[in-house]
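See structure below.
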Amino acid sequence: MRRITRLAPLALVAALALTSCSASAASEEPITESSEASISYAVWDENQVPALEANIAAFNEIYPNIEVKIDITPWAQYWTKLQTQASGGTLPDVFWMNGPNFQLYAANDQLEPMTNLIDAGDVDPANYVEVLNELYSYDDVQYGMPKDFDTVALWYNKAILAEAGVATPDDTWTWDDFHTAAKTVSDTLADQGVYGVATGLTGGQEGYYNTILQAGGFVLSDDGTTSGYDDPKTIRGLQFWADLIADGSSPSLQQLSDTPHNAWFTSSKTAFFWSGTWSVSELAAASNTLDLNVAPLPQDEKQATVIHGVANVVSANSPNKSAAQAFQAYLGGEEAQTLQAEMGAANPAFIGAGQAFLDSVDHFDLQVFIDEADNYAYPFPVSKDTAAWSTIENELLPQAFSGARTVEDVAGELATRMNEALAKE
Amino acid sequence: MTLRTGSMVGESRAPAAHPVPVAAPKAPKARPKGFDGYWPWLFVLPTLFGVLGFYIWPIIQTGYLSFTETGPFGGEEFIGVDNYQTMLADGNVGQALTNTLVYTIIVLAGIPIALLMANLVNQPGLRFASFYRVLFFMPYIAMPTAVALVWRMIYNGDFGILNWMLSLVGIDGPYWTSTPGFAIVSVGIVGMWASLGFGIIILGAALKNISPEYYEAAQLDGATRWKQFTAITVPLVTPSLFFVTIISVINGFQLFDLLYAIMGQYNPALVQSQSLVYIFYNQAFIQNDKGYAAAIGMLILVVIGIVTFFQFRMQKKWVNYV
Amino acid sequence: MSKESFSPAQQGANSVRTHLVLGIIGFIMVFPFLWQLIISLSTNDQVMSVPPTFWPGDLQWGNFVDVFTKLPFFDQFGVSVGITVIRVIGQVVLCSMAGYAFARMRFRGRGIFLGVILSILMVPPQVYLIPQFQIIQNLGLLNTILGIALPGIFSAFGVFLMRQIFLGLPLELEEAARLDGANPFQIFYKIMLPLATPGISALVIITTLWSWNDLLWPLVVTTYAEKMPLSAGLATLAGSITTDYPVMMAASVLAMAPVLILFIALQRRVVDGLAFSGSK
């Protein structure tokens, strides 16, 4: 269709340009309050849609003629769909991005830099947690507008701890304190099928990335070229989980596969649950929510948590780039992020907008998450092709956690294969 | 239907006890010589264009990609047979091929069960026959994602009803879907369950077309019911058995959705339990290595092609077309 | 029935043993559905209890209400019906024509073309996902019912099925019509097609079930919830609530219900139709 209009007589082209909102023409024009466009916004979390719709409604008060349509795809198919769309050059105008996938899209010219927004003063990176700006920059160019952030903390069930005679955790807890408490719960309440702790061990964000940092180890070197899995401190961070499973403080990997870790916790079958900010809305809605609260993670050599957050990015091939960027900038603004926090959708990345999030659930000490971010949060490890080595983690680490092989043995193989994958980037 | 009742009436003894292999019917010969002019093209071209455009062309592209190294979002470089060499050295591919075979064999093992059940449900005069048929056919119409969710809960090692029932008789059931070895078998049982109804219906229809006179004659000769089943029933439904087998093998080799949905993403047994299509999916969409994925896609095509080819060659040995 | 009851083969057909075996297997076949129904009416805590809760007592009909609030159920139902109708009509027309030609007509390259068409059965659909997406995108059909349905109106399985069915039909009528001067299309349309009705109903059923349950393809070519079919909507719901099993089960019960009702209503025709597809 478009090819035909290009071949048409000039007069017709001119007429079309005047009457239609031709995509390429619109993107050249600066965005104004009367700009017309229709843009798509792809996300994966159905739970956040009400807050996003509220964002869009507020955005439309400024730009009434820019229509934003939300495209929800379940997490299981989200990246498959983006891949397919990217291969066809039809990525959504604006979409959610995460750390592990960011560099892949940025390095392959799929994302629009935010340089013009920052230069024009529409976005000030200083308003956001610095680690998140770095996470979404590639070759010193920022592409992603931080939307929210997640740190990991120690959720616990007061009722179970009281029943087992264990004190509630606080910021002085060491690994030993934690392990003893978890073991006590498992031993005391074994007849009820209650365990000490359940944590997701597929992917490191909830569990082993944190303990690796706490032990002083690392997953990926700062320059992103070397694996840290053969470092003794990293191995210590992995051993922590293998030990918890080995003495029954935690359900086995098989039990965690059959019944997901969050289900154990929301049905009062475990006392502890390592999880992030994203669990707040789920735990606030759980039937046992009044028994639950949150504390800082236990420490080893030091206190540490990984920090990660979702960002809004704009497709480099978007036919409505200026409208899409206007929306991207709006989503990063204090107003939009405060609204998200008020609706309990996410913990905003905009520094200071988080108060509403803290207030969203009275009976949780959510300040814990903010304090962690301010004091001892470390970036989520990513490289240009994160999937290549995170697949290897998921393939090998279960053998270590289940006790089928020693942690040293598995970690050594993992380091070798991860270094091979990194060398290919 | 070639098993027409009429053609057998009056024969006193089932000829099927020692079946004479008959070749599949060739194209009709009672037809004026030569070709049908342009008419066939009118009938075939719409489908041919659609199939070429929407399926064959993508397959050819995949074939080409299998000889390239691809960028994550397109752009490729010709690298010859490197992807195939990688594939031969990849232990996961061999494991996946084995798993896929195990799954397919379990599903195929459902076919004799389906035949026995079809035989039971098609006895003349059986009450509630159509009720039973609805029951048997229900798994086939269910949405696979929904089916997988239910089975996941039934198989759940801690809270599932299966292990609870086993515990009543003193058996400590395993974690069905997360123990290597058990997992692929558990998925296979669901696959068998889901396809059993289809086999029962198709084989049942073939049974209806067997003349009762065969059985009457056999009874006069004093044949037992089991003897009747093996000597009359089985040989006469071989064309339908062949059809069900072909479809089951093709579907079995394409195992993906069921495995993915039942095992979930947090499964420690996943590596030991993946199927060929699972590896394809992982390489193409998780690891972004579309060139290598294409090579695995080609492997799947070749394996199914070879197996199907041999099934067609073998059919003369056991399939009786009347 | 009563007429047939003289048949000696019927002896023992209604024995207790027969009904016991059929009843047990039948129960195993439907058990997952019953279990699904029970879970959909339970609370989350009951689902996670040991021993299992066989009857939730206080039925949680609210789980079904939740589905309607969480999904644009009626929009998605409409899309499901739309794509299914297009695919069924397309396959019936195209596959019966092509199947007839491959069974009864003579033309150069017949065997090769049939082989080419059948070869696509052997490639898993994930393999051609991206190329097909690009074709639909170039046709400008993303987010349309036609775009979801289009590749699915061409079916190798359907062509194969219809070819087998036409091969099984008697030749005589066709020859007579030919002598009367009917052209090949008239023979096909007026004589052979009516004879193939049971086979066509089999094709209709198989295509309906496949189309209704199709997931990955619709999810990839649609971007908005109200443009998705129910199967994709259900997956979206299941993906967003990881632990609320009852609502998930309620959603899948609702998604399955229309086809199930259709199936029970058409039971006899469906069974006879499907049965036909089993012939060689």
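Numbers restart at 1 for each chain; the letters A, B, ... are given by sequence-line order, proteins then strands. Values below: all heavy atoms of this structure, side chains included; hydrogens, waters and symmetry mates excluded.
- The heavy-atom pair separating B:Phe256 from C:Gln126 by the smallest distance is CD2-NE2, 3.1 Å.
- Taking CD of B:Gln61 as the reference point, atom CD of C:Gln134 lies at 7.0 Å (rounded to 0.5 Å).
- Scanning all heavy atoms of the two residues, the minimum distance from C:Leu129 to B:Phe285 falls at CD2-CZ, 3.5 Å.
- Of the listed residues B:Leu52, B:Val303, B:Leu48, B:Thr62, the one with more heavy-atom pairs under 4.5 angstrom with chain C than any other is B:Leu48.
- Taking the six-membered ring for Trp and the full ring otherwise, the centers of C:Tyr128 and B:Tyr55 sit less than 6.0 Å from each other.
- Within the 6.0 Å centre-distance limit, the rings of B:Trp41 and C:Phe113 are counted as a close aromatic pair.
- No other option in C:Pro124, C:Pro131, C:Ser155 has as many heavy-atom pairs under 4.5 Å with chain B as C:Pro124.
- For a residue to count as touching a neighbouring chain, one of its non-hydrogen atoms must lie under 4.5 Å from one of that chain's; by this rule B:Thr47 touches chain C with backbone and side chain alike.
- When heavy atoms are compared at a cutoff of 4.5 Å, C:Ile120 approaches chain B by way of both its backbone and its side chain.
- For C:Phe185, the parts lying near chain B are the backbone and the side chain together; criterion is any non-hydrogen pair under 4.5 Å.
- Looking at C:Leu118, neither its backbone nor its side chain comes within 4.5 Å of chain B, counting heavy atoms on both sides.
- Listed here is the closest heavy atom pair of B:Leu135 and C:Gly26: CD1-CA, 3.8 Å.
- Heavy-atom distances place the side chain of B:Val277, and not its backbone, under 4.5 Å from chain C.
- Contact annotation: the side chain of C:Leu22 approaches that of B:Leu126 to within less than 4.5 Å [non-hydrogen atoms, C-beta and beyond].
- Heavy atoms closer than 4.5 Å to chain C are found in the side chain of B:Ile247, but not in its backbone.
- With a 6.0 Å radius and a threshold of 12 heavy atoms from other residues, nucleotides or ligands, C:Ile112 has its CD1 atom at or below the threshold.
- C:Ile153 does not touch chain B: none of its heavy atoms, backbone or side chain, sits under 4.5 Å away.
- Annotation: side chain of B:Ile154 is in contact with side chain of C:Pro32 (closest heavy-atom distance under 4.5 Å).
- Heavy atoms closer than 4.5 Å to chain C are found nowhere in B:Phe49, neither backbone nor side chain.
- Not less than 6.0 angstrom separates the ring centroid of B:Trp151 from the ring centroid of C:Phe33.
- Only the side chain of B:Ile250 has a heavy atom closer than 4.5 Å to any heavy atom of chain C.
- Closest non-hydrogen pair, C:His19 versus B:Tyr132, comes out as ND1-OH, 2.9 Å.
- Closest of all the heavy-atom pairs between C:Met29 and B:Phe136 is CE-O, 3.5 Å.
- Put simply, the side chain of B:Lys290 reaches to within 4.5 Å of the side chain of C:Ile130, judged on heavy atoms.
- Across all their heavy atoms, C:Ile135 and B:Gly53 have their closest contact at CD1-O, 3.2 Å.
- Taken to the nearest 0.5 Å, the CG atom of B:Leu120 stands 8.5 Å off from the CD1 atom of C:Ile25.
- Contact of C:Val93 with chain B is not made at all, since no heavy-atom distance falls under 4.5 Å.
- In this structure, chain C has a heavy atom under 4.5 Å from the side chain of B:Thr308, while its backbone stays farther away.
- Side chain of B:Gln254 to main chain of C:Leu121: a donor-acceptor pair is present (N/O by atom type, distance under 3.5 Å, no hydrogens or angles).
- Note that the CG atom of B:Leu301 and the OG atom of C:Ser119 stand 7.0 Å from one another [nearest 0.5 Å].
- Residue B:Phe43 holds its CZ atom at 10.5 Å from CZ of C:Phe107, rounded to the nearest 0.5 Å.
- Although no hydrogens or angles enter the test, the distance criterion places no donor-acceptor pair under 3.5 Å between the side chain of C:Gln36 and the main chain of B:Val150.
- At a 4.5 Å heavy-atom cutoff, C:Ser96 makes no contact with chain B through either its backbone or its side chain.
- Using a 4.5 Å cut-off between heavy atoms, C:Trp212 contacts chain B through both its backbone and its side chain.
- By number of non-hydrogen pairs under 4.5 angstrom with chain B, the leading residue of C:Asn183, C:Ile39, C:Val21, C:Val159 is C:Asn183.
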